[in-house]
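Values below: every heavy atom of this structure, side chains too, minus hydrogens, waters and symmetry copies. Labels below follow one simple rule: chain letters A, B, ... track the order of the sequence lines, proteins then strands, and each chain is numbered from 1.
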Amino acid sequence: MPTISAPPSAAPRSGPGTPAPLLHTIVLDWYREHARDLPWRADGATAWGVMVSEFMLQQTPVKRVLPAWAAWLERWPTPAALAADAPGEAVRMWGRLGYPRRALRLHGAAAAIVERHGGEVPEDHAALLALPGVGEYTAAAVASFAFRQRHAVLDTNVRRVFARAVTGVEYPANATTAAERRTATELLPDHPETAAAWAVGVMELGALVCTARSPECGGCPLRPHCAWQRAGCPPYDGPARRGQTYEGTDRQVRGKLLAVLRASHGPVPRQRLDVVWPEEIQRARALDGLVADGLVEPLADGFYRLPQ
DNA sequence: AACCCGTGGTA
DNA sequence: TTACCAAGGGT
């Protein structure tokens, strides 16, 4: 069986590739059978619901997002509802999902949607990209999943599937490359609805089968077409993927500080923040950072609170 | 381009 | 236990 390569229409590639339409059929059939029943994929899900899920899923696993997503949409079923509340409430509601700047940006996106788009999540990719907290991936994801448009959706799952099936390596590079974008675009089905189904299907395949740690190649529908399989599953030999040390970092201190503020509904005296971390210099730096990011609001007399 | 930004689960 | 990983974005 041939491995996957780009169609001959674009840049010339070595060797015959599996025809793209066959790949589309394989992935769409697999998805129909194995897709998780996630609430933001349900028929009744709104574009706002999709957008909220995408914000929450930026670096946070699905399992932890599920309950947070339901609670969020129950409280703020529309962008206007969120925009009418204080940004600090978004930060508080975000809870322990991590990277709380996402909550602030989601609030900012809601406000921008009200201001620029009459309260309706925009369908246009460029308009989505212009919203705070919406980057290349999220804009494509919302346009594709919510509005069934044709966009290359390149997240960590898709990048990994392409790295293995197309390029024949275990892991993609640290940063998305032009070659990856080209591959994603070339393999994208022409028909918008099919492209949207393909996008979520490849992503789901990466999330459930072609996983980072221990891929279940035995259950992978692309195995006969996978370049990495054909090459004998060579282990990753590129530059070291950056680690994420956490203990003792400013991020840890910021997390501890913000946890105190989330738990308190009124202003908090500086003294109650001081107890979360012994090193004064780092503690002050972390608090200053939170203020600079707009996650914390300093008041007079050494009190602090979530932004109003 | 490299680095910063939280939190929790898994091998 | 340590290290890696999770539907990224902003600077």
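A distance-only check finds a donor-acceptor pair linking the side chain of A:Arg150 to the backbone of A:Pro189 [under 3.5 Å].
Distances from the side chain of A:Arg213 to the nucleotides B:dG6, C:dC5, C:dA7 place C:dC5 closest.
One finds no side-chain N or O of A:Tyr246 lying less than 4.0 angstrom from the OP1 or OP2 phosphate oxygen of B:dG6. Remark: A:Arg262 is in phosphate contact with B:dT7, judged by side-chain N or O atoms under 4.0 Å from OP1 or OP2. Checking the phosphate oxygens (OP1, OP2) of C:dA7, no side-chain nitrogen or oxygen of A:Gln58 falls inside 4.0 Å.
Using atom P as the reference point in both C:dC4 and B:dC3, the two lie 15 Å apart (nearest Å). C:dG9 and B:dA1 have their C1' atoms separated by 15 Å, given to the nearest Å. With both ends at atom P, the span from B:dC5 to C:dA7 equals 22 Å, rounded to whole Å.
As judged by a 4.0 angstrom heavy-atom cut-off over every strand, A:Asp250 is placed among residues touching the sugar-phosphate backbone only.
Atom CZ of A:Arg285 is separated from atom C1' of B:dC5 by 14 Å (rounded to the nearest Å).
When side chains are defined from C-beta on, A:Asp274 counts as touching A:Arg283, because their heavy atoms get closer than 4.5 Å. A:Val121 has its side chain within reach of A:Leu128: a pair of non-hydrogen atoms, C-beta onward, lies under 4.5 Å apart.
Taking for each of A:Tyr99 and A:Ser214 the nucleotide of DNA chain B with the nearest heavy atom, the 5'-most of the two is the partner of A:Tyr99.
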